[in-house]
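Take a look at the structure below.
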Amino acid sequence: MMKLKQSIYDVLCLLMGAGALTGCVEEFEADIPSSDTDLLVVEGTICSAQVNKFILSRTQAVQNTHGMVMEYDARVSVRGTDGSEYHAYPKGDGYSCKVGELNPEVEYYLHIETDGEVYESEPQKPLPTEKIADVCGVQNTPESAIDILVTPAEPFESDHANYYSWRYDETWEVYPEYKTAIYYDVELRTAVMKSNQFPSHGWKDASGTSIMVGASSSYEGERIEKLKLYDIDRSDERMYYRYSGLVHQRAISKAEYEYELARRQAGSEMGGLFTPQPSALPTNIHCLTSSKHVIGFVGCSLNTSKYRFFLDAPNYSIKRPPHFDTRIWLDNPSEEDCIKMVEKGFFLCEWEDAEKSADHMLHTAWATRNQLDVRYQGAYIEVPDFWWLKENVSY
């Protein structure tokens, strides 16, 4: 993750993840008025039946060289208007709170006590989220990137606009640069057959760096169809073989949607003549003990819908980098030469006997562990439990 710079825009990025609707916005450093420094920044969402994470921090002026200041000495809890309360405890870079099943008829809010002040978000009923009907990958031309498009299921209420936020996780298959079924035995001083000495392939994981939001107001029947969430370049290794994405969908209120839009506008226009100061951004969090401003918005969800989808390379026009043989070739090596290669950490990949070669020479090729073992490329070899699925799944 990039090193945070001392600007209020970086603080805002921490709220919900960096990025605009379809990509990351460019950083901009600006001098922050003293009235907009040391403001409490709150990140997190109240979600039913899961562990919730809330991150508290303070804004800093651009001149501050110590970066963001996290708020670690606060008392944080999720409360309901029915008297229920779930306490949060410091964990990692935030506060962890295990929330039980929320009552759709009860309003919930975040309660914070820190630095002698008391803050609360506005009470709100948890919003139900319909399932995701479809997520697909579309490549408009053979040279274009693969667009990931989402279509929510029929909305619970179609007589008004519906608002959503999405985030996603990724898993993709990777293969080593080279494979070998032999090794050089230093005692026998010759090549020996040995299969499965390195894993045949592996997987990598990542999480999207942006959270996208969307509204159904411009769609017929107030139902979003094929909204672009992100794209994957056709030359990206994620698309070389098989790719899987897990999209998380959450229904949000109009107020949270407007906050997200204002936050993104402030980030993309920071320094402009009409750019609002951070303290002017809409928020549903207020200080009950003074007039201090707060940055952030705490939503409340009854559930989060998920959709796992798969993309297979043969279905798209994929551009792989040109392949150059980067192994070390030794012709007619002596036994001592081969032993030295093993001692240097090289592994035998090819052993073409002189009797069988056209020029009657022994040809050998050697590779490093990095070229043969995907684990040295940051992959893991345990098969993901969902990898054998043949069809997309909506949860």
Side-chain angles (χ1 to χ4, degrees), residues 1 19 22-24 132 134-151 166-183 194-210 212 226 228-248 306-327 346-350 365-395:
M1 184 174 290
T22 58
C24 295
I132 300 175
D134 183 54
V135 177
C136 60
V138 175
Q139 187 175 31
N140 295 315
T141 70
E143 290 75 31
S144 64
I146 294 88
D147 294 335
I148 307 303
L149 312 177
V150 64
T151 299
W166 296 275
R167 62 181 181 85
Y168 60 93
D169 300 313
E170 305 173 282
T171 302
W172 63 95
E173 201 168 21
V174 294
Y175 284 78
E177 187 177 359
Y178 297 101
K179 295 182 179 181
T180 182
I182 58 176
Y183 78 102
K194 183 180 181 181
S195 59
N196 302 322
Q197 56 183 314
F198 297 107
S200 61
H201 61 298
W203 292 265
K204 291 183 180 181
D205 293 330
S207 295
T209 57
S210 302
M212 289 65 66
K226 295 184 176 181
K228 178 180 175 180
L229 295 183
Y230 62 100
D231 60 46
I232 308 174
D233 192 278
R234 73 188 189 103
S235 63
D236 194 299
E237 76 159 10
R238 291 176 291 174
M239 288 300 302
Y240 286 173
Y241 302 101
R242 194 181 191 216
Y243 171 92
S244 178
L246 181 63
V247 175
H248 306 256
K306 302 176 183 179
Y307 190 98
R308 180 165 295 286
F309 66 98
F310 297 89
L311 305 179
D312 294 300
N315 298 328
Y316 302 91
S317 173
I318 305 303
K319 182 180 179 181
R320 291 180 172 83
H323 181 266
F324 301 99
D325 194 343
T326 57
R327 295 174 295 180
F346 288 90
F347 295 84
L348 185 62
C349 294
E350 302 287 346
W366 304 78
T368 65
R369 189 181 294 273
N370 286 2
Q371 295 173 296
L372 298 167
D373 193 335
V374 293
R375 289 172 292 188
Y376 285 79
Q377 302 173 24
Y380 58 90
I381 60 174
E382 297 78 18
V383 183
D385 56 8
F386 55 82
W387 201 251
W388 303 115
L389 294 174
K390 302 300 182 182
E391 298 180 353
N392 300 341
V393 180
S394 179
Y395 301 94

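Note: hydrogens, waters and symmetry copies are ignored here, and every other heavy atom, side chains too, is used.
- For the atom pair K319 NZ and M239 CE, the distance stands at 15.5 Å (nearest 0.5 Å).
- Summarising the local packing, CG of N196 is surrounded by 12 or fewer heavy atoms from other residues, nucleotides or ligands at distances under 6.0 Å.
- Heavy-atom minimum distance, T209 versus Y168: N-OH, 4.5 Å.
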Worked check of side-chain contact (heavy atoms from CB on, under 4.5 Å) between V135 and N392: CA-CA 8 Å; V135 177; N392 300 341; over 6 Å; no

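- E177 and T326 share a side-chain donor-acceptor pair at under 3.5 Å.
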side-chain contact (heavy atoms from CB on, under 4.5 Å) between L348 and W366, worked out: CA-CA 5 Å; L348 185 62; W366 304 78; 3.7 Å; yes

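- Ring centroids of H248 and Y395 are separated by 6.0 Å or more, keeping the two rings apart.
- With Y241 as the aromatic partner, R320 meets the cation-pi criteria of under 6.0 angstrom to the ring centre and within 45 degrees of the ring axis.
- The structure places CD of Q139 at 11.0 Å from CG of D231, a figure rounded to the nearest 0.5 Å.
- Between atom NZ of residue K226 and atom OG1 of residue T151 there is a gap of 6.5 Å, rounded to the nearest 0.5 Å.
- A donor-acceptor contact closer than 3.5 angstrom links the side chains of S235 and D233.
- Counting heavy atoms of neighbouring residues, nucleotides and ligands inside a 6.0 Å radius, atom NZ of K306 does not exceed 12 of them.
- For the pair I318/Y240, a side-chain contact is recorded, criterion being any heavy-atom separation below 4.5 Å from C-beta on.
- For the pair P176 and L372, the tightest heavy-atom approach, listed with the atom from each and the gap, is CB-O, 3.4 Å.
- Between the side chains of S207 and R167, no donor N or O sits under 3.5 Å from an acceptor N or O.
- Of the listed residues (Y376, F198, Y178), just one forms a ring-ring contact (aromatic ring centres under 6.0 Å, His included) with F347, and that residue is F198.
- The two residues Q371 and T368 make their nearest non-hydrogen contact at OE1-N, 2.9 Å.
- Heavy-atom minimum distance, F386 versus T171: CZ-OG1, 3.6 Å.
- Residues R308 and S244 are in side-chain contact: their nearest non-hydrogen atoms beyond the backbone lie under 4.5 Å apart.
- Judged purely by atom type and a 3.5 angstrom limit, Y243 has no side-chain atom pairing as donor or acceptor with the backbone of I232.
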Derivation of the side-chain contact (heavy atoms from CB on, under 4.5 Å) call for N140 and V138: CA-CA 6 Å; N140 295 315; V138 175; 3.6 Å; yes

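- Contact between I132 and S394 at its shortest, heavy atoms only, is O-OG, 3.0 Å.
- Across all non-hydrogen atoms, the minimal contact from R234 to S144 is CD-O, 3.7 Å.
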Verdict with supporting geometry, F309 and I148, side-chain contact (heavy atoms from CB on, under 4.5 Å): CA-CA 10 Å; F309 66 98; I148 307 303; 3.7 Å; yes

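- Taken to the nearest 0.5 Å, the CG atom of D373 stands 7.5 Å off from the CD1 atom of I381.
- Distance check, rounded to the nearest 0.5 Å: CD of Q197 to CD1 of I182 gives 8.5 Å.
- One distance of note links CG of N315 with CZ of R242; it measures 10.5 Å at 0.5 Å rounding.
- F310 and W387 have perpendicular rings, their planes meeting at more than 60° on a 0 to 90° scale where under 30° would count as parallel.
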